[in-house]
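Because the structure is predicted, anything quoted here is derived from the model rather than measured.
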Amino acid sequence: MKKPFKVLLIITMTILMTISQLGLLAACNGGTKSKILREKYADYFKVGFAINYELLNLPEYQEIYKHFNSMTAENEMKWAYLRPNAYQTSYQKADAFIKKAKELNIGMRGHALVWHHTSAVPYYINSSISKNSFLTYIKEHVDTTIKHFGDEVIYAWDVVNEAITDNDNSASIYRRSGDGSGGASFFYDIAGEDYIFTAFRQAQETVEENNLNIKLFYNDYNMNNQAKRSRAIQMIRNIRAQGIRVDGIGMQAHYNIHTYKESEFKKAIEDFIAEGLEIHITELDVSVHKDNNSRFETLSSELEEAQARVFKSIYKICREFSEHVTSVTTWGVADDHTWLDNFPVSNRKNWPLLFSETYEPKKGFEAIMDFTS
Ligand code: GLA
């Protein structure tokens, strides 16, 4: 063979081999070779973590943060924290999150403006106030809070959290005191659904008048349960029927390895899409316990594998619907700190997250990085 032809042949072969290798790699890696979660999911949705103020600057977490591009304050943006008494705001801790998010160059979900839970309600909001003052307080709180944090970092707010009853036999879709829900609410007793309309109406007015690029969400748990989901959808229709905007649904996604079902999770997402809602998975964790009596000394590989299958399924379904699922957040960073160590059983170890107690990626992490199966 003549020399110029030989050179040409070698060059052509090399190019062809490189192209096919790249194609193979792309197929194996879901389009990117990256070992960084946020890069791997760059074409799909934001990946986030929740954290509390005390842990924000924990040295061991700093390396893990590189995997994420969204953050949620576990508590510090709730009403009782931001306005501990009626005439005084307290932004110091919450502002530290905004500062950190800027340093990390990531976004934040604002969580949560109106939530009935005692841990989130300031003392001056109580069952003895009038409907009028309750609604006035809500308007003031929603308006000043959204304006204070702005949209440089915050891209969504949970405007109302957990307003739907858990009781399938309740006369109302809403959570009320004495309705048998896990945690009663006096909000509905005072104001009926007006407190929900008022919160969303004010949130809409504030973002629109101030040109803020912030999506407005309703956030709740057990959204895989058909009956509870129907109630949430009914509530969102009621809000929208008032001409008020609700952009999305936050599915908290506190799951466990025993009862999670892919078909139910998928159906929930499909139902919300049919309502024209954007979807965020807002508080994902996967408990290894079946009931209150379950105890484990350590996380066995069988448990970790079962958990990895659940994580894999969740992220896979979310990728499938990534046109509508735009953010997926785990409720914590690593297994050294999780609210599930004390809920629903206090002082019982759980391992519900993607990183281990010693800050290593777990099998769940590997599973969601692998798009091949
Ligand atoms: C609910 C709330 C969260 C948090 C968890 C428990 O899901 O939405 O803010 O308080 O409970 O950690």
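- Residues Ile279 and Met251 share a closest heavy-atom pair of CG2-SD, 3.9 Å.
- From Ile190, atom CD1 reaches atom OG of Ser127 across 6.5 Å, with rounding to the nearest 0.5 Å.
- Residues Lys267 and Glu270 are in side-chain contact: their nearest non-hydrogen atoms beyond the backbone lie under 4.5 Å apart.
- Residues Phe97 and Asn52 approach most closely at CZ-C, 3.8 Å, considering heavy atoms.
- Counting heavy atoms from C-beta outward, Val246 and Phe200 have side chains that approach closer than 4.5 Å.
- Annotation: Phe149 is in aromatic contact with Tyr91 [ring centroid separation under 6.0 Å].
- Side-chain contact between Arg245 and Arg240 is absent, with no heavy-atom pair separated by less than 4.5 Å.
- Residues meeting the ring-ring contact (aromatic ring centres under 6.0 Å, His included) test with Phe272, sequence neighbours left out: none.
- With sequence neighbours left out, the ring-ring contact (aromatic ring centres under 6.0 Å, His included) criterion links His289 to Phe296.
- Side-chain N/O atoms of Gln88 and Asn85 include a donor and acceptor closer than 3.5 Å.
- Not counting sequence neighbours, the partners of Asp341 by the side-chain contact (heavy atoms from CB on, under 4.5 Å) test are Thr338, Lys349, Asn350.
- In the model, Ser130 has no side-chain atom that pairs as donor or acceptor with a side-chain atom of Asn132 under 3.5 Å.
- Residues passing the salt bridge (charged side-chain N to carboxylate O under 4.0 Å, His left out) test with Glu54 are Lys93, sequence neighbours excluded.
- When all heavy atoms of Phe217 and Gly250 are compared, the pair lying nearest together is CD2-N, 3.7 Å.
- Between Arg319 and Asp43, none of the side-chain N atoms (NZ, or NE/NH1/NH2) sits under 4.0 Å from a carboxylate O, so this pair counts as no salt bridge.
- Residues forming a side chain to side chain donor-acceptor pair (under 3.5 Å) with Tyr255 (at least two apart in sequence, or on another chain): Asn224.
- When side chains are defined from C-beta on, Arg176 does not count as touching Thr165, because their heavy atoms never get closer than 4.5 Å.
- In this structure, Thr144 contributes its side chain and Glu140 its backbone to a donor-acceptor pair below 3.5 Å.
- Atom CD of residue Glu103 and atom NZ of residue Lys100 lie 5.0 Å apart, to the nearest 0.5 angstrom.
- Looking at every heavy atom in both residues, Tyr124 comes nearest to Ala86 through CE2-N, 3.2 Å.
- Legend: residues meeting side-chain contact (heavy atoms from CB on, under 4.5 Å) with Pro84, ordered by chain and number and at least two apart, are Ser90.
- For Asp143, the side-chain contact (heavy atoms from CB on, under 4.5 Å) partners two or more places apart in sequence, or in a different chain, are Lys147, Gln202, Thr206.
- Counting heavy atoms from C-beta on, the side chains of Val47 and Thr330 never come closer than 4.5 Å.
- Proximity of Tyr359 to Val333: side-chain heavy atoms (C-beta onward) are nowhere separated by under 4.5 Å.
- At distances below 3.5 Å, not a single donor-acceptor pair connects side-chain atoms of Thr198 with backbone N or O atoms of Tyr195.
- Crowding of Glu275 atom CD: a count of heavy atoms from other residues, nucleotides or ligands under 6.0 Å exceeding 12.
- Side-chain contact of Ser70 with Tyr155: a donor-acceptor pair under 3.5 Å is present, judged by distance alone.
- Summarising the geometry, atom OG belonging to Ser119 is positioned 5.0 Å from atom NZ belonging to Lys78; distances are rounded to the nearest 0.5 Å.
- Sorted by first and then second residue, the pairs that involve residues 280-306 and meet salt bridge (Lys or Arg N to Asp or Glu O under 4.0 Å), not counting sequence neighbours, are Glu305-Lys363.
- Salt-bridge formation is detected for the pair Glu262/Lys316: a Lys NZ or Arg NE/NH1/NH2 atom is positioned less than 4.0 Å from an Asp or Glu carboxylate oxygen.
- Residues meeting the ring-ring contact (aromatic ring centres under 6.0 Å, His included) test with Phe49, sequence neighbours left out: Tyr65, Phe68.
- Distance alone, capped at 3.5 Å, is enough to place a donor-acceptor pair between the Gln62 side chain and the Leu58 backbone.
- No donor-acceptor pair under 3.5 Å is formed between the side chain of His111 and the backbone N or O of Met77.
- Of all non-hydrogen atoms in Ile125 and Phe186, the two that sit nearest each other are O-CZ, 3.4 Å.
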| said: Show, in sequence, the C-alpha distance, side-chain angles and deciding distance for Thr372 and Asp370, and conclude whether the side-chain hydrogen bond (donor to acceptor under 3.5 Å, both in side chains) test is met. | reply: CA-CA 6 Å; Thr372 57; Asp370 172 14; 2.5 Å; yes
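- Judged by distance alone, with hydrogens and angles left aside, the side-chain atoms of Arg109 form no donor-acceptor pair with the main-chain N or O of Met71 at under 3.5 Å.
- Cluster partners of Trp339, using a side-chain heavy-atom cutoff of under 4.5 Å among ILVMFWY residues and allowing indirect links, are Trp331, Leu340, Phe343.
- Sparse packing is recorded around CG of Asn213, with 12 or fewer heavy atoms of other residues, nucleotides or ligands lying under 6.0 Å away.
- Under the salt bridge (Lys or Arg N to Asp or Glu O under 4.0 Å) criterion, the residue pairs touching residues 214-227 are Lys215-Glu278, Asp220-Lys228, with sequence neighbours excluded.
- At distances below 3.5 Å, not a single donor-acceptor pair connects side-chain atoms of His280 with backbone N or O atoms of Ile249.
- Side-chain atoms of Ser172 come within 3.5 Å of backbone N or O of Tyr174 as a donor-acceptor pair.
- Judged purely by distance below 3.5 Å, without hydrogens or angles, the side chains of Ser170 and Asp179 never pair a donor atom with an acceptor atom.
- Note: Asp194 CG to Lys131 NZ = 3.5 Å, rounded to the nearest 0.5 Å.
- Between the side chain of Gln307 and the main chain of Lys362, no donor-acceptor pair closer than 3.5 Å is present.
- Side chain of Glu76 to main chain of Tyr53: a donor-acceptor pair is present (N/O by atom type, distance under 3.5 Å, no hydrogens or angles).
- In this structure, a donor-acceptor pair under 3.5 Å is present between the side chains of Gln234 and Asn238.
- Remark: Lys40 is positioned above the aromatic ring of Phe371, its terminal NZ or CZ atom under 6.0 angstrom from the ring centre and at most 45 degrees off the axis.
- Residues meeting the side-chain contact (heavy atoms from CB on, under 4.5 Å) test with Ala112, sequence neighbours left out: Asp158, Asn161.
- Taken from CG in Leu277 to CD1 in Ile269, the straight-line distance is 12.0 Å, to the nearest 0.5 Å.
- Aromatic ring orientation, Phe365 versus His67: perpendicular (interplanar angle above 60°, classes split at 30° and 60°).
- Under the 3.5 Å distance criterion, the side-chain polar atoms of Arg175 are matched with a main-chain donor or acceptor of Glu162.
- When all heavy atoms of His116 and Ser185 are compared, the pair lying nearest together is CB-OG, 3.3 Å.
- With ring centers used as reference points, Phe134 lies under 6.0 Å from Phe187.
- The ring of Tyr44 has its center no closer than 6.0 angstrom to the ring center of Tyr315.
- Atom CH2 of Trp351 and atom CD1 of Ile257 lie 10.5 Å apart (nearest 0.5 Å).
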